[in-house]
Amino acid sequence: MSKFNSNKVMPRYFAIAVALTMVGVAIVAKAMYIMTAQKDYWTTVQQQMRHDSIPVKPNRGNILSCDGQLMASSIPEYKAFVDFQPGREGKAPLDTAAQRLVDELWDKNIDSLCIGLNDIFPQQSVAEFKEHFTKGRHKVNRDGTVGARHWPVWKYRMDYNTYSLLKKLPIFNLSVGKGGFHYEEFNARNRPFNTLAKRTIGVMYGEIDSARCGLEQSFDSTLRGQNGLVHRQKVLNRIMNITEAPPVDGADIVTTIDVNMQDLAERALIDEMKLPEVNADLGVAILMEVQTGDVKAIVNMMRMPDGQYAEAINSAISYRCEPGSVFKVASILVALDDGVIPRDTNYTIPTGSGVMEMHGRWMKDHNWRRGGYGTINVARTLEVSSNIGTSYVIDKFYGGHPEKYVQGLYRVGIHEDLKLPIEGYRPPVIRMPDTKTTERGRYWSKTTLPWMSIGYETQIAPINTLAFYNAIANNGRMMQPRFVTRVVKDGEVLQEYPPVVLKERIAKPETITMMQTILEHVVSQGLGKKAAPLSRSFKVAGKTGTAQIADEHGGYHSGVTRYWLSFAGFFPADAPRYSCIVCLRKTGLPASGGGMSGVVFRHIAEGVMAQNVKRLVDDARDSTSNFSPVVKGGNENAAVYVLSHLGLKAAAPREVKTSQGTVPDVTGMGARDAVYELERRGLKVALVGRGKVKSQSIAAGKAVSPGSLCELQLEI
């Protein structure tokens, strides 16, 4: 028989169910009460307690030179503010007692605060600071309260040292809840070398993640890193940061830029642009390592409205124009490689008196007023940069099939798209023949071919011209210009960018060898002599270019002629290590690619080679010379002392073969020894000039008259 007694158990279950139901109803009722009657109160509490998660920006990676020097890095900057209602939370205004304490604090310390600020920022007077803060204290906010919550102390950002000085001032040295001083931190981009390679390294605007150009923009995702996330929670009246995801700092990129070479190229270019006879409004210089294509220096200078020169546009990769005579090398290279002219200097070209008709237009050489060059060979055509010589060859052998000539230009790489990693690069424009188009810029006439062969009717940026010349220096191998070698982080290489070969061979080896020789002759015995180093310690090869370019309206005959002057080449000519191009844009004459751009090329080449010269003292010795110095008469003890410290045999110096009563011959002596010889014979001595004795007023061999004055003329 079951022991379950329903009369006793069921009332108990019912009582429990009723109790639980009443608790549930009470909970729901309380929730409804909170959601309705107490909604405003708890909303205020929630706003005070809740702080949304905020992103944390990582440190942006550095941009380094090829030898590890900082070219761009991130540093903290600060902007300071004042809260004139310190300690206030939510929408509730400060109570009367708290507001009275704030007013007393400012009334008591505002003068000393403004004096301290004036010491830090003398650009603004004490009175102006005081007026500025008074305005902030009396500002009426949107919620009706008085006193700005985020009033700027100074309108500009400041570095950490300045920010540290601010924190020591009255009011600002108190906690945020008492003085109201607070700040915003920014990551600012700093370039230790200021504007050096500015447009290539890149420019940051506003916030640190606003890259606008250069490598800063191209490698922005690598440099920027990843944002972190911090949740801010109020616990016991304190705001605590709880990290949800830490930020990942950006990686560093190592460029190919050499700071010393960049500075050298920049100074050489600006010095030439400033010359009165040059007065260029735009200048470009690029220095490249032959075998790797590494860009060691890239300079883009433009004259600004104030007359100063600065990097405003990366013209080296974006400024396409008609290159002029530097293009003739590509034309002759195509003809040589195609075999239409023999690969020797026997083929001659009749340039006549320097003027020749080409399909109804007159082609002129630069010396046409002096009678021209007459009949010259192919090599001489490039040496003297003959327009007629180049266009005669191309028009004669390609006039019937101009597309073969253009295909040849494509083959030798002058038209190659370099696919540079920098925003703004514009590939060359060399159009194929088209006589049916109605588009003026694409129409191909009978004069297009001869004029294209000398560098007109094409659009090429300096970087493309240099890549072509670099390929010639590199025995025909065309390299992609390289700006970044690797990405590193915490000493570990994350990614490498090896040299890229765009064309294994732009022409036959024998053609390249011949062109290298011709380009060397352009400098040694042609129009490029100004590019040759003055010391003659190494040889240079290259080509000059002087082209008339269109004005800003696209015309050539607006009354003022603009010129594009260039020199492209490589050095040392016998074992090329570097290629370089220098371009200048100027208005009016004189205009000479060799005499102006070539000079800049020479300064760059000499400076680069001087930096790379590492020789031992023994290497400078001449085996035929006498290492023991010739010792003239003079103070014997001094001569012996010097010889012994030089590690040479301290032989007695030769005595002047004159008696004590005869004036000695002191010409060629140093001033000290000459005075010694004359004064010990009782003569007085007067020195004029510096260096060694060139002449003496009392002739050697005369009898000494004690006390007489002998004047010595010295010369270095």
May I ask you to decide if [Y]'s main-chain N or O and [X]'s side chain share a donor-acceptor pair within less than 3.5 Å?
{"X": "Gln480", "Y": "Leu418", "result": "yes"}
{"X": "Asp258", "Y": "Asn260", "result": "yes"}
{"X": "Thr351", "Y": "Ile388", "result": "no"}
{"X": "Glu266", "Y": "Leu196", "result": "no"}
{"X": "Asn470", "Y": "Met479", "result": "no"}
{"X": "Ser579", "Y": "Gly569", "result": "no"}
{"X": "Arg199", "Y": "Ala312", "result": "yes"}
{"X": "Ser325", "Y": "Thr544", "result": "no"}
{"X": "Arg191", "Y": "Lys198", "result": "no"}
{"X": "Asn377", "Y": "Arg380", "result": "yes"}

Hey, is [atom1] on [X] packed in by over 12 heavy atoms from elsewhere, all under 6.0 Å?
{"X": "Glu403", "atom1": "CD", "result": "yes"}
{"X": "His401", "atom1": "NE2", "result": "no"}
{"X": "Leu275", "atom1": "CG", "result": "yes"}

Side chains of [X] and [Y]: donor-acceptor distance under 3.5 Å anywhere?
{"X": "Arg320", "Y": "Asn464", "answer": "no"}
{"X": "Tyr405", "Y": "Asp395", "answer": "no"}
{"X": "Asp294", "Y": "Thr256", "answer": "no"}
{"X": "Ser385", "Y": "Lys328", "answer": "yes"}
{"X": "Ser315", "Y": "Asn300", "answer": "no"}
{"X": "Asn475", "Y": "Gln516", "answer": "yes"}

Can you tell me how far the [atom1] atom of [X] sits from the [atom2] atom of [Y], to the nearest 0.5 Å?
{"X": "Arg426", "Y": "Gln459", "atom1": "CZ", "atom2": "CD", "answer": "8.0 Å"}
{"X": "Met302", "Y": "Arg585", "atom1": "CE", "atom2": "CZ", "answer": "6.0 Å"}
{"X": "Lys586", "Y": "Thr561", "atom1": "NZ", "atom2": "OG1", "answer": "10.0 Å"}
{"X": "Ile512", "Y": "Ile472", "atom1": "CD1", "atom2": "CD1", "answer": "5.5 Å"}
{"X": "Ile430", "Y": "Ile460", "atom1": "CD1", "atom2": "CD1", "answer": "4.0 Å"}
{"X": "Ile298", "Y": "Ile317", "atom1": "CD1", "atom2": "CD1", "answer": "6.5 Å"}

Handout entry: Residues Arg577 and Glu289 bridged, charged N to O under 4.0 Å
Key = no

Practice task
Could you tell me whether Glu457 and Arg431 make a salt bridge, using a distance below 4.0 angstrom between a side-chain N and a carboxylate O?
Solution key: yes

Exercise for the section: Applying side chain to side chain contact (heavy atoms under 4.5 Å, CB included), run through Leu333 and Ile506 and close with a yes or a no. Expected result: CA-CA 10 Å; Leu333 189 68; Ile506 66 171; 4.1 Å; yes

Is [Y] close to [X] at the side-chain level, that is, under 4.5 Å between some pair of heavy atoms?
{"X": "Leu527", "Y": "His366", "result": "yes"}
{"X": "Cys66", "Y": "Thr485", "result": "no"}
{"X": "Gln548", "Y": "Tyr456", "result": "yes"}
{"X": "Phe567", "Y": "Val599", "result": "no"}
{"X": "Ile63", "Y": "Arg189", "result": "yes"}
{"X": "Leu64", "Y": "Leu70", "result": "yes"}
{"X": "Thr200", "Y": "Val295", "result": "no"}
{"X": "Asn314", "Y": "Cys213", "result": "no"}

Handout entry: Listed partners of Thr447 passing side-chain hydrogen bond (donor to acceptor under 3.5 Å, both in side chains), at least two apart
Key = Ser445

Exercise for the section: Dump the intermediate steps for side chain to side chain contact (heavy atoms under 4.5 Å, CB included) on Met301 and Glu311, then the final yes or no. Expected result: CA-CA 5 Å; Met301 286 297 156; Glu311 289 210 355; 3.8 Å; yes

Which pair of heavy atoms, one from [X] and one from [Y], lies closest together, and at what distance?
{"X": "Thr458", "Y": "Glu322", "answer": "O-CG, 3.2 Å"}
{"X": "Phe601", "Y": "Phe571", "answer": "CZ-CD2, 3.9 Å"}
{"X": "Ile604", "Y": "Ala268", "answer": "CG1-CB, 4.1 Å"}
{"X": "Thr587", "Y": "Arg562", "answer": "OG1-CG, 3.9 Å"}
{"X": "Asn387", "Y": "Ile454", "answer": "O-CG2, 3.6 Å"}
{"X": "Pro533", "Y": "Val540", "answer": "CD-CG2, 3.7 Å"}

Exercise for the section: Using side-chain hydrogen bond (donor to acceptor under 3.5 Å, both in side chains) as the criterion, point out the one residue from Lys508, Lys404, Arg411 that pairs with Asp338. Expected result: Arg411

Problem - Test salt bridge (charged side-chain N to carboxylate O under 4.0 Å, His left out) applied to Lys396 - qualifying residues, sequence neighbours left out - result: none

Exercise for the section: Taking salt bridge (charged side-chain N to carboxylate O under 4.0 Å, His left out) as the test, write out the residues that go with Glu272, two or more places apart. Expected result: none

Exercise for the section: Could you walk me through whether Thr390 and Ile349 pass the side chain to side chain contact (heavy atoms under 4.5 Å, CB included) test, one step at a time? Expected result: CA-CA 9 Å; Thr390 305; Ile349 304 169; over 6 Å; no

Practice task
Sort and list the pairs that fulfil ring-ring contact (aromatic ring centres under 6.0 Å, His included) and have at least one residue in residues 270-320, not counting sequence neighbours.
Solution key: Tyr319-Trp564

Handout entry: Results of side-chain contact (heavy atoms from CB on, under 4.5 Å) for Asp67 - residues two or more places apart only
Key = Ser65, Gln69

Exercise for the section: Check the pair Phe193 / Gln262 against side chain to side chain contact (heavy atoms under 4.5 Å, CB included), numbers first and verdict last. Expected result: CA-CA 11 Å; Phe193 293 100; Gln262 178 74 27; over 6 Å; no

Practice task
Using side chain to side chain contact (heavy atoms under 4.5 Å, CB included) as the criterion, point out the one residue from Leu264, Leu287, Val259, Ile257 that pairs with Lys296.
Solution key: Leu287

Handout entry: Any residue meeting ring-ring contact (aromatic ring centres under 6.0 Å, His included) with Tyr469, in chain and number order, not counting sequence neighbours
Key = none

